[in-house]
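First the proteins, then the strands, lettered A, B, ... as listed; each starts at 1.
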Number of protein chains: 2
Amino acid sequence: MKEDADRSSPTLSASAFDRLRQAIVAGELPPGAKINEPQLSRQFGISRGPLREAIRRLEGCKLVEIRPNAGAKVVSLNRSQVTEIYEIREALEGLACRLAARRAGAGDCLQLRQLLAEHEHQLQSVDGKHYDQQEGDLDFHFLIVQLSGNSQLFSLLCGELYHLLRLCRAQTSGIRARPARAFKEHHQIVDALERGDGELAELLMRRHICGAKETFLNELNQTITPDS
Amino acid sequence: MKEDADRSSPTLSASAFDRLRQAIVAGELPPGAKINEPQLSRQFGISRGPLREAIRRLEGCKLVEIRPNAGAKVVSLNRSQVTEIYEIREALEGLACRLAARRAGAGDCLQLRQLLAEHEHQLQSVDGKHYDQQEGDLDFHFLIVQLSGNSQLFSLLCGELYHLLRLCRAQTSGIRARPARAFKEHHQIVDALERGDGELAELLMRRHICGAKETFLNELNQTITPDS
DNA sequence: AGCAGATAAATTGTTGACAATATGAAAGAG
DNA sequence: CTCTTTCATATTGTCAACAATTTATCTGCT
């Protein structure tokens, strides 16, 4: 949580929302952490009014839980809840892929390939940056959701679910498994998109996410086990 | 928008949230309507602080759109956006059905049948109450989502999407088509759930929602066409 | 010592006032 | 007459203080 002044956001409430969300998904405010309004208002140099509005917006993203008269806490997800999120993600990104296959042009697929190439390059050169590979993975999925053309789906996945996923990932050690396999699967998905094969693209994406779920659950097992 | 004092909610903000959401999904605050803070705060007899918090929560439900320094408006969905929502709903409720088939016991299915019987009875007796049939339809879907056991899915569908659907329905004339067909499809879905056939239950639910989408889009065409 | 209840501190909920911005109306130029 | 500019109004954004509730601390009793 940096103490920098303002991120040139139109309103203090929006700025606080951005900063808080960033702090949460980065793990600086770990799951279960209490949201202390006086402390944060001092830290951000703003009043409690806009801060509370930001917290209510975070509640809408399901990143914090508010208990009346007892304040807000960063949401803490146990294994079954993480599984639930991956189930939802599988269904929604499968849909995104099916839709994207009908709308993606040659340029779109090229953009996807370039993105994958960049990530592959970053991974091969600097081995210490698995962290970025994580964010890169979301970039890929982000782009496909955008290609789907379904704006409601976009706001659901990129506005809520992906942030929840980043929050979950911040809980684990940060050591990523199976980057090579993920790249292969990503390319296969683009293959299907290029052919306009929505059915296959959906199937591949669902499998890809299902595998990611199992990988992540294994990582959770190897991490400390508070189970929240 | 009733002027009654308070609905015994723990906090004024939560109370205002409930009242505003109800007013929106009931069509009392129609799509595109401006959310006037001074007016509503007078109307609710509360200060603007908790009211603003309620509005930020409504934004999280996607029921209002906030433009910085210009206030909030009730969201207005055009045909393509409604289509997008139905696409998402199809994927998510398909998932819900598949999951519910694995968890639903005999008692759960009986409860579903009873619910359907009640609705069928209401429909046959009082013909003027198509309106309730609408809400009853959501009750059925609500129960299935609950049976899925996926709490994240529940909060997504019942906390957000269903309210959006009710908002959309308030735009149309209120004259419901195809109640008989819907009942038949509902029963077929319960049939599949009873047999524990998740694949079939998902397929039937997806078809059911797809049909509901087309019906609704036709109703929209017969209504006035501002297209927002 | 350990626990129950009372007291004090801290935090959340709420309010009304002030500042900044946007909306709408009136006046003036082309 | 239309468009632009200016000004008045209304609304949003923010703040600091107060009230209500919860949490923590400290007694006093068994």
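Side chain of B:Pro50, nearest nucleotide from C:dT11, C:dT15, D:dG13: C:dT15. Of the candidate nucleotides D:dC15, D:dT11, C:dG13, D:dC15 has the atom lying nearest to any side-chain atom of A:Ile46. Comparing atom distances between the B:Arg48 side chain and each of C:dG13, D:dG13, D:dA16 picks out D:dG13 as nearest. Closest contact between the side chain of A:Glu53 and the listed nucleotides D:dT14, C:dT15, C:dT12 involves D:dT14. Minimum atom distance to the side chain of B:Thr11 is reached by C:dG13, of the listed C:dG13, C:dT12, D:dT11.
For B:Gln39 and D:dT12, the CD to P distance is 10 Å, given to the nearest whole Å. As rounded to whole Å, 14 Å separates atom P of C:dT11 from atom NZ of A:Lys73. Distance CG (A:Leu40) to P (C:dT12): 9 Å, rounded to an integer number of Å. As rounded to whole Å, 14 Å separates atom C1' of C:dG16 from atom CZ of B:Arg52. For B:Leu51 and C:dT14, the CG to C1' distance is 12 Å, given to the nearest whole Å. Regarding A:Phe17, its CZ atom lies at a distance of 15 Å from the P atom of D:dG13, rounded to whole Å. Atom CG of A:Leu12 and atom P of D:dT14 are 4 Å apart (whole Å). Across the protein-nucleic acid pair, A:Glu37 atom CD and D:dT23 atom P stand 14 Å apart, rounded to whole Å.
Contact check for B:Val64 versus B:Leu20: no side-chain heavy atoms found under the 4.5 Å cut-off. No side-chain heavy atom of B:Lys62 sits under 4.5 Å from any side-chain heavy atom of B:Val75.
B:Ile55 comes within 4.0 angstrom of no nucleic acid atom, judged by non-hydrogen atoms across all strands. Note on A:Gly49: nothing from the nucleic acid sits closer than 4.0 angstrom, heavy atoms only. Across all strands shown, A:Ile35 has heavy atoms under 4.0 Å from sugar-phosphate atoms exclusively, and none from any base.
Taking the nucleotide of DNA chain D with the nearest heavy atom to each of B:Arg42 and A:Gly45, the more 5' of the two is matched to B:Arg42. Sequence order on DNA chain D of the closest nucleotides to A:Arg67 and B:Asn36 puts B:Asn36 first from the 5' end.
For the pair A:Lys34 and C:dT12, the criterion of a side-chain N or O lying under 4.0 Å from OP1 or OP2 is met.
A cation-pi arrangement is present between B:Arg19 and B:Phe44 under the rule of less than 6.0 angstrom and at most 45 degrees off the ring axis.
By the 6.0 Å contact criterion, NZ on B:Lys213 is enclosed, its count of non-hydrogen atoms from other residues, nucleotides or ligands being greater than 12.
Using modelled atom types and a 3.5 Å distance limit, the side chains of B:Asp137 and B:His186 yield a donor-acceptor pair.
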